[in-house]
Novice: 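Before anything else, here's the structure in question.
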Amino acid sequence: MPQVTLTVNGKTSTVEVEGRTLLVELLREKLRLTGTHVGCDTSQCGACVVHMNGESVKACTTLALQADGASITTIEGLAKADGTLHPMQEAFREYHALQCGFCTPGMVMSAIDLVQKHPEGLSEKEIREGLEGNLCRCTGYHNIVKAIDAAQAVMHGKAASIAPATV
Amino acid sequence: MPSPPPPPPLPGSPIGRALPRREDRRLLLGRGRFHDDLELPGDTLHAVFLRSPHAHARIGAIDSTAARALPGVIAVLTGAEINALVAPLKIAPPIPGHLPVETPAMPAETARLVGDPVALVLAERRSIAEDAAELITIAWEALPAIASVAQASAPGAALVDPTVPGNRVARQRVATPGLDAAFARAERILEIPFAQQRQTHAPIEPRGCLAIWDVGREHLTLHVGTQAPHPYRTALAARLGLREWQATVIAPDMGGGFGQKIIPAREDLCCAAAARLLGRPVRWREGRSENLAASLHAREESIAARVGFGGDGRLVALDVTITVDSGGWCLFPADYIARMICIIIPGATRLREYGYTTEIWLTNKCPSGPMRAPMAMAAWVTEGILDEVARVLGLDPLEVRRRNMIAQTDLPWVSAAGQRYEAITPRATLDAVAEAIGYDAIRAQQRAGGTTGKLLGLGLCTVIESNTYGSAFYRAAGIPGSGHEAVAVRVEPSGAVLASCGLMGSGQGYETTLAQTTAAGLGCRPDDVLVQLGHTDIAPYGMGSRGARGATAGGGGLYIAGLRLQAKMLQIAAVLLGRNSADGLVLREGRVLAATGGGFTDAGIGIPEIARTAHLDPLRLPAGMMPGLHEIYAYDPPDLTFTDSAHAALVEIDPESGAIALLRYVAAENAGQAINPIIVEGQGHGAISLGLSGALMEHLAYDEDGQLLAGSFMDYALARAGDIPPLQLMHMNIPDPRTPAGIKGMSEGGTMGAAGALMNAVNDALAQSGVRLDKPPATPARIWAALQGGAGLRRT
């Protein structure tokens with residue numbers, strides 16, 4: 001069987017895969033990083049989004065072989081070693097931007113990529129449009145959009161910490 | 001019998017606090033544990049189902065020789081083998097007009113829908129099982145397919161179920177005695193059609209399970225996402241012929257349910273039977289196509305309404321016939337959702353004379369069942385009728401609503417369908433929504449007409465959301481089951497609190513809210529409480545999460561159990577403090593406070609001292625007191641609680657293209673005492689967007705031969721972030737005097753209101769062009785077709 005060498009969350013691994021093995025299967029089954037989820041198999045829902053060489057990709061429609069030599073970041077790789085959450089994770093918690101939590105890892109990874117690509121800042125409408133590759137069935141997106149807005153301020157250095165949510 | 005309510009929580013109690021959710025950290029770290037994340041035992045077999053490509057076909061000879069020969073394939077099981085191991089589901093409720101029906105775990109003779117499971121492949125790897133399934137050949141004999149109620153009810157139609165003559169599985173007629181006379185005296189009578197398209201729950205996490213049979217102990221452990229672990233276990237054990245203690249059901253984190261994950265899926269039963277047969281663990285996870293084709297569908301209902309009213313717009317008589325296309329098998333009593341819709345249709349109106357007919361038809365489509373707000377259609381029907389009445393009389397729709405709506409002074413009100421409403425405020429929520437959306441200004445804008453050529457539409461929808469469903473409801477409805485919830489609270493020697501009940505969450509935040517209600521009862525901090533859910537061996541037997549019952553039944557029960565334990569702990573505290581009685585003592589945030597003058601002072605001890613004494617020094621306890629600190633309590637709530645809300649949607653339609661833009665959405669709700677306002681708000685968002693998604697775009701479509709057209713998320717549209725506007729919610733919560741801490745259910749009314757408000761807004765816009773859309777989804781194509789005189793109804 002072919003081998004793939006890749007760096008996931010800073011750790012380099014070499015694993016045997018089938019030609020048809022998907023990146024998400026490699027991550028979940030070989031490396032046991034189960035935070036990346038499979039929701040639809042057809043790259044519609046975005047639960048499987050990870051960062052490959054700094055770009056968000058849908059790991060359910062990426063072959064493991066395509067990730068040979070790549071650097072991958074998954075949801076498990078976001079928090080600091082001391083447990084401090086990434087500002088996007090912290091904002092999702094503060095703004096109640098997750099309910100069942102199944103779409104959340106992909107949503108957070110997409111949101112980080114979206115914010116990073118827009119240092120000029122995103123409007124509420126632009127955030128909504130930027131989330132077109134991710135489905136959430138629980139939240140109605142309302143609090144996800146608010147969380148991303150709060151996180152972008154911190155990620156762009158415009159705020160020191162996530163602004164508290166108000167009910 | 002419904003239990004009387006306990007005393008309300010003290011000011012400053014954890015009930016009502018906007019605490020962040022305790023489940024969030026693990027989910028945000030990617031450390032949740034959903035069923036697909038479970039560590040599998042080394043000898044686990046992977047299950048793949050071969051499914052029918054036909055809507056209706058006799059299953060001829062099945063040749064699995066090539067599949068079995070594939071290295072790594074352990075077994076291929078077909079219907080005949082499965083059904084020797086699993087008893088069929090029998091639905092025979094004591095409901096008049098409901099025929100008894102049976103559903104096998106796997107059909108052996110006839111497949112009744114595209115996606116019906118017809119063989120189970122078990123292999124060392126999932127990819128091997130997938131390959132093997134493709135090697136199985138079946139000598140199919142296609143039968144005429146029934147793909148609609150029109151086809152099902154045609155003379156000489158093929159039978160979906162040979163035991164159901166004419167394909168009609170249930171029919172019931174209920175009417176008030178004065179209905180005909182009321183129609184006779186009505187000044188005007190209108191007939192108005194309504195319909196809903198077939199939809200499905202679409203939890204982002206597909207279904208799946210891990211079944212482990214312990215050969216030595218003869219015990220089945222099933223890891224499976226279910227909203228109701230104990231009733232699930234009862235059914236599982238019965239179907240497999242096990243004593244109930246031979247089965248443990250463990251629900252891991254669940255990625256959404258919305259009603260799809262309540263009862264044992266047919267696939268779950270097949271996997272459990274296979275694990276027992278083969279003595280090896282069996283793992284199944286479905287693909288999205290399987291979930292869309294063959295899990296559970298919902299909402300394909302048509303309602304023909306005949307309404308009699310006065311020239312002032314007041315309703316005097318209403319008769320509805322609901323016709324349901326319910327699919328090929330009955331996994332639930334066939335007519336209970338239709339009856340629930342009809343029971344809720346009178347809504348907040350003063351209607352007195354009412355009748356309804358329910359007709360449930362079998363078709364060669366996926367079975368139907370409850371989906372978040374099963375009664376969703378009711379609100380649109382009520383409010384769509386009021387809009388039509390206003391239109392034909394040239395009256396303002398808001399004014400017609402006010403003329404028909406019950407007033408606060410009418411409460412308690414018994415609706416024309418016999419439901420007793422208390423603790424609702426429909427006029428207040430309607431007024432609030434009308435003001436917030438700027439009702440008068442929008443109407444003025446409409447009258448002035450625009451220059452853009454676009455059609456502006458404003459839709460209102462008042463909702464009476466039934467929820468909680470105590471045992472008295474089940475008795476009255478003739479549905480087997482109960483609505484009480486048993487809870488257990490234990491205080492360990494360190495003061496750590498363990499709370500459990502039979503609810504299982506799928507995103508509702510129970511680990512937070514149930515800690516809040518337990519802590520409010522007990523007098524400790526929510527952080528002191530661990531909520532243990534989703535394990536049938538830990539929680540006492542409970543009825544599970546459905547019908548927006550968790551907050552009142554589970555939360556209320558834990559609040560009461562906490563109060564009972566607090567009373568015991570204060571008796572112990574009195575001994576420790578050398579007092580004659582516990583009078584004047586309370587527990588707050590884990591400390592014993594003593595009343596002094598006008599306030600309270602810390603008495604110097606807290607729950608840890610009390611708990612240590614109760615467990616480790618029981619001889620110090622008051623005479624006759626049981627050692628330890630544990631309480632199992634069963635709370636049976638009122639038959640129903642009602643949460644009222646009002647919704648307003650503003651849409652703009654481009655008549656040239658049919659494009660629809662949802663400009664604004666406002667809702668006001670009285671959901672009783674909120675346990676956690678952040679979570680209530682989030683549940684409101686979710687409920688509303690589910691309703692909007694259904695009204696705007698979802699359609700689980702089949703063609704006229706019963707072939708599935710929506711087999712992936714490329715074909716089944718769900719609302720994305722850009723489809724939903726910011727949602728403006730107003731909370732006008734008033735505690736319900738009949739329930740613990742005043743808690744009511746919520747989280748379904750938003751779905752009802754959104755579906756109704758959106759469709760009313762669309763039709764408000766389309767009325768300007770003289771047409772009406774009588775069925776969602778309000779897609780640009782359907783709107784455009786209606787404007788061309790196609791999909792909708794042309795007004796005369």
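Each chain gets a letter, A, B and so on, in the order its sequence line appears, and its residues count up from 1.
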Novice: For the candidates Asp41(A), Asn134(A), Leu135(A), Leu131(A), which exhibits the highest count of non-hydrogen atom pairs separated by less than 4.5 Å from chain B?
Specialist: Leu135(A)
Novice: Using a 4.5 angstrom heavy-atom cutoff, name the option from Pro725(B), Gly32(B), Gly684(B) with the most pairs to chain A.
Specialist: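 The residue among Pro725(B), Gly32(B), Gly684(B) with the greatest pair count is Pro725(B).
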Novice: Measure the shortest side-chain to side-chain distance between Asp36(B) and His37(A) over non-hydrogen atoms and say whether it is less than 4.5 angstrom.
Specialist: no
Novice: Under 4.5 Å from any heavy atom of chain A, what part of Arg33(B) do you find: side chain, backbone, both or neither?
Specialist: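 For Arg33(B), neither part sits under 4.5 Å from chain A.
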Novice: Just so I understand: if I count every heavy-atom pair under 4.5 Å between each of Leu40(B), Asn291(B), Asp131(B) and chain A, which residue has the most?
Specialist: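 Heavy-atom pairs under 4.5 Å are most numerous for Asp131(B).
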Novice: Let me confirm one number: the OG1-CE distance from Thr42(A) to Met714(B), rounded to the nearest 0.5 Å.
Specialist: 4.5 Å
Novice: Between Thr74(A), Leu85(A), Leu78(A), which shows the greatest number of heavy-atom pairs under 4.5 Å with chain B?
Specialist: Leu85(A)
Novice: How long is the span from the OG1 atom in Thr104(A) to the CG atom in Asp24(B), to the nearest 0.5 Å?
Specialist: 8.0 Å
Novice: Name the region of Ser127(B), side chain, backbone, both or neither, that has any atom closer than 4.5 Å to a heavy atom of chain A.
Specialist: both
Novice: Let me know if Gln683(B) has heavy atoms under 4.5 Å from chain A in its side chain, its backbone, both or neither.
Specialist: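 Both backbone and side chain.
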Novice: Using non-hydrogen atoms and a 4.5 Å limit, figure out which bit of Glu39(B) sits close to chain A: side chain, backbone, both or neither.
Specialist: both
Novice: Flag the pair Arg32(A) and Asp37(B) as a salt bridge only when some basic side-chain nitrogen lies within less than 4.0 angstrom of an acidic carboxylate oxygen.
Specialist: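 Result for this pair is no, no salt bridge flagged.
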Novice: When rounded to the nearest 0.5 angstrom, what distance separates CZ in Arg31(B) from OG1 in Thr34(A)?
Specialist: 7.5 Å
Novice: Name the member of His96(A), Arg137(A), Gln99(A) that forms the most heavy-atom pairs with chain B at distances under 4.5 Å.
Specialist: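 Ranked by heavy-atom pairs under 4.5 Å with chain B, first place is Arg137(A).
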Novice: Side chain, backbone, both or neither: which part of Thr139(A) has a heavy atom under 4.5 Å from chain B?
Specialist: backbone
Novice: In terms of heavy-atom pairs under 4.5 Å, which option from Ile688(B), Ile679(B), Val680(B) contacts chain A the most?
Specialist: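 Between Ile688(B), Ile679(B), Val680(B), the count favours Ile679(B).
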Novice: Quick one: which of Gly39(A), Cys100(A), Gly77(A), Cys40(A) has the most heavy-atom pairs under 4.5 Å with chain B, could you say?
Specialist: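 If we count pairs closer than 4.5 Å to chain B, Cys100(A) comes out on top.
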Novice: How close do Pro105(A) and Leu27(B) get, counting heavy atoms only, and between which atoms?
Specialist: CG-O, 4.4 Å
Novice: What parts of residues 201-208 of chain B touch chain A if we use heavy atoms and a cut-off under 4.5 Å?
Specialist: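 Within residues 201-208 of chain B, near chain A: His201(B), Ala202(B), Ile204(B), Glu205(B), Pro206(B).
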Novice: Within residues 86-95 of chain A, which positions have a heavy-atom distance to chain B below 4.5 Å?
Specialist: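 The stretch touches chain B at Gln89(A), Phe92(A), Arg93(A).
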Novice: What part of Leu19(B) lies closer than 4.5 angstrom to a heavy atom of chain A: side chain, backbone, both or neither?
Specialist: neither
Novice: So, His685(B) side chain and His142(A) main chain: donor-acceptor pair closer than 3.5 Å or not?
Specialist: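 Absent.
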Novice: Heavy atom to heavy atom, less than 4.5 Å: which residues from residues 4-21 of chain A reach chain B?
Specialist: Glu18(A), Arg20(A)
Novice: For Leu718(B), is it the side chain, the backbone, both, or neither that has a heavy atom closer than 4.5 Å to a heavy atom of chain A?
Specialist: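 It is both, since atoms from each part get that close.
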Novice: Does any backbone or side-chain atom of Phe102(A) lie under 4.5 Å from a heavy atom of chain B? Answer side chain, backbone, both or neither.
Specialist: both
Novice: Could you look at Phe713(B) and say if it's the side chain, the backbone, both or neither that has a heavy atom under 4.5 Å from chain A?
Specialist: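 Backbone plus side chain of Phe713(B), per the 4.5 Å heavy-atom cut-off to chain A.
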Novice: Where on Leu692(B) is there a heavy atom nearer than 4.5 Å to chain A: the side chain, the backbone, both, or neither?
Specialist: neither
Novice: Select one option (side chain, backbone, both, neither) describing which atoms of Asp253(B) are under 4.5 Å from chain A's heavy atoms.
Specialist: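 Interface part for Asp253(B): neither.
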Novice: Heavy-atom pairs under 4.5 Å with chain A - which of His731(B), Arg25(B), Glu23(B) has more of them than the others?
Specialist: Arg25(B)
Novice: Could you tell me which portion of Arg125(B) (side chain, backbone, both or neither) has an atom closer than 4.5 angstrom to a non-hydrogen atom of chain A?
Specialist: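 Just the side chain, heavy atoms under 4.5 Å.
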Novice: Among residues 106-129 of chain A, which ones touch chain B with a heavy-atom distance under 4.5 Å?
Specialist: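 Listed by number: Val108(A), Glu124(A), Arg128(A).
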Novice: Measure across Ile75(A) and Gly30(B) and return the closest heavy-atom pair with its distance rounded to 0.1 Å.
Specialist: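 Closest heavy-atom pair between Ile75(A) and Gly30(B): CG2-CA, 3.6 Å.
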Novice: Would you indicate whether Arg26(B), at its atom CZ, is surrounded by more than 12 heavy atoms from other residues, nucleotides or ligands within a distance under 6.0 Å?
Specialist: yes
Novice: Count the heavy-atom pairs under 4.5 Å between each of Ser43(A), Gly130(A), Ala97(A), Cys138(A) and chain B, then report the option with the highest count.
Specialist: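 Result: the option with the highest number of such pairs is Cys138(A).
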